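Notes to accompany the following structure.
In listed order, ligands and their atoms are each counted from 1. For clarity, every value in this text was computed on a predicted model and none was experimentally measured.
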Amino acid sequence: MNRMIRLTVNGESREVEVPTYRTLLDCLRYDLGLTGSKEGCGVGVCGACTVLLDGKMVSSCIALAVFADGRDVTTVEGLAEDERLHPVQQAFMDFGGFQCGICTPGQVVAAKALLDETPHPGDAEIREWMLGNLCRCTGYYKILESVRAAAERSRA
Ligand code: FES
Ligand code: FES
């Protein structure tokens, strides 16, 4: 069964007809053309598909698109403003917070959510918050450095 849903994605109002079993991740990637969010595990474990739903982190691979009806979705594509990278994106660039990049959109969205909620996190808070975002490449230290740098720059 299909259903028409209306949602705001990265500040833009979108309307799309989806099967009721369609995941939010597939809706974003295949119906709306927003391929920034990645599918890693597909079962809610790795964090590669992390997006914000009304400002809160969700694993879009296990959220149904119909669940986002009438709500605000923010994906990694929505973080830069006027072609200026979000401070978290810039810090990931500057501090080598990624290698293959598959986990990066989820890491960046999760880090943004952390700084929205806790602008001055300590290393332990960063580590704990980012626990749900797995990375096979970086060894995590550069991700930690990137998030820490983004927080410090926002403070400055
Ligand atoms: Fe969604 Fe891994 S792809 S949590
Ligand atoms: Fe490759 Fe994180 S940079 S999985």
If only atom types and distance count, is the side chain of Trp129 paired as donor or acceptor with the main-chain N or O of Ala111 below 3.5 Å?
no

Of all the atoms in Cys41, is at least one N, O or S atom closer to atom 2 (Fe) of ligand 1 than 2.8 Å?
yes

Spell out, yes or no, whether Tyr140 and Met130 are grouped together once hydrophobic residues are joined by side-chain heavy atoms under 4.5 Å, including indirect joins.
yes

Give the residue, atom name and distance (to 0.1 Å) of the protein heavy atom nearest atom 4 (S) of ligand 2.
Arg136 N, 3.3 Å

With clusters defined by side-chain heavy atoms of hydrophobic residues (ILVMFWY) lying less than 4.5 Å apart, directly or transitively, does Ile62 cluster with Ile102?
no

For ligand 1, which atoms sit closer than 4.0 Å to a heavy atom of Gly47?
2 (Fe), 4 (S)

For the residue pair Cys49 and Ser60, establish whether any side-chain heavy-atom pair is separated by less than 4.5 Å.
yes

Cluster question for you: counting only ILVMFWY and a side-chain heavy-atom cut-off of under 4.5 Å, with indirect links fine, are Ile143 and Val45 together?
yes

Check each atom of ligand 1 against the heavy atoms of Val45 and keep those under 4.0 Å away; list them by number with element.
4 (S)

For Cys100, the ligand 2 atoms with a heavy-atom partner under 4.0 Å come out as 1 (Fe), 3 (S), 4 (S)

Report whether any nitrogen, oxygen or sulfur of Cys135 sits less than 2.8 Å from atom 1 (Fe) of ligand 2 (N, O or S, backbone or side chain).
no

Mind checking whether Ile62 contacts ligand 1 via backbone (N, CA, C, O), side chain (CB onward), both or neither, at a 4.0 Å heavy-atom cut-off?
neither

Before moving on, can you tell me the angle at atom 1 (Fe) of ligand 1 between the SG atom of Cys61 and the SG atom of Cys49, to the nearest 10 degrees?
100°

Give the residue, atom name and distance (to 0.1 Å) of the protein heavy atom nearest atom 3 (S) of ligand 2.
Gln99 N, 3.2 Å

I'd like to check which ligand 2 atoms, numbered from 1 as shown, lie under 4.0 Å from a non-hydrogen atom of Cys137.
1 (Fe), 3 (S), 4 (S)

Looking at Arg127 and Asp123, is there a salt bridge between them, counting it only when a charged N and a carboxylate O are closer than 4.0 Å?
no

Sub-4.0 Å atoms of ligand 2 with respect to non-hydrogen atoms of Gly101
1 (Fe), 3 (S)

Taking N, O or S atoms only and a limit of 2.8 Å, check whether Cys46 reaches atom 2 (Fe) of ligand 1.
yes

Against heavy atoms of Cys103, which atoms of ligand 2 measure under 4.0 Å?
2 (Fe), 3 (S), 4 (S)

Could you tell me if the side chain of Leu52 sits less than 4.5 Å from the side chain of Val109, heavy atoms only?
yes

Under 4.0 Å from a heavy atom of Gly44: give me the atoms of ligand 1 that qualify, with their elements.
4 (S)

Min side-chain heavy-atom separation Val73-Arg14 under 4.5 Å:
no

May I ask you to check whether over 12 heavy atoms, not counting those of Phe67, lie within 6.0 Å of atom CZ?
no

Mark up the atoms of ligand 1 that fall under 4.0 Å of a heavy atom belonging to Gly42, in ascending order.
2 (Fe), 3 (S)

Do Leu34 and Asn10 come within less than 4.5 Å of each other through their side chains, counting heavy atoms only?
yes

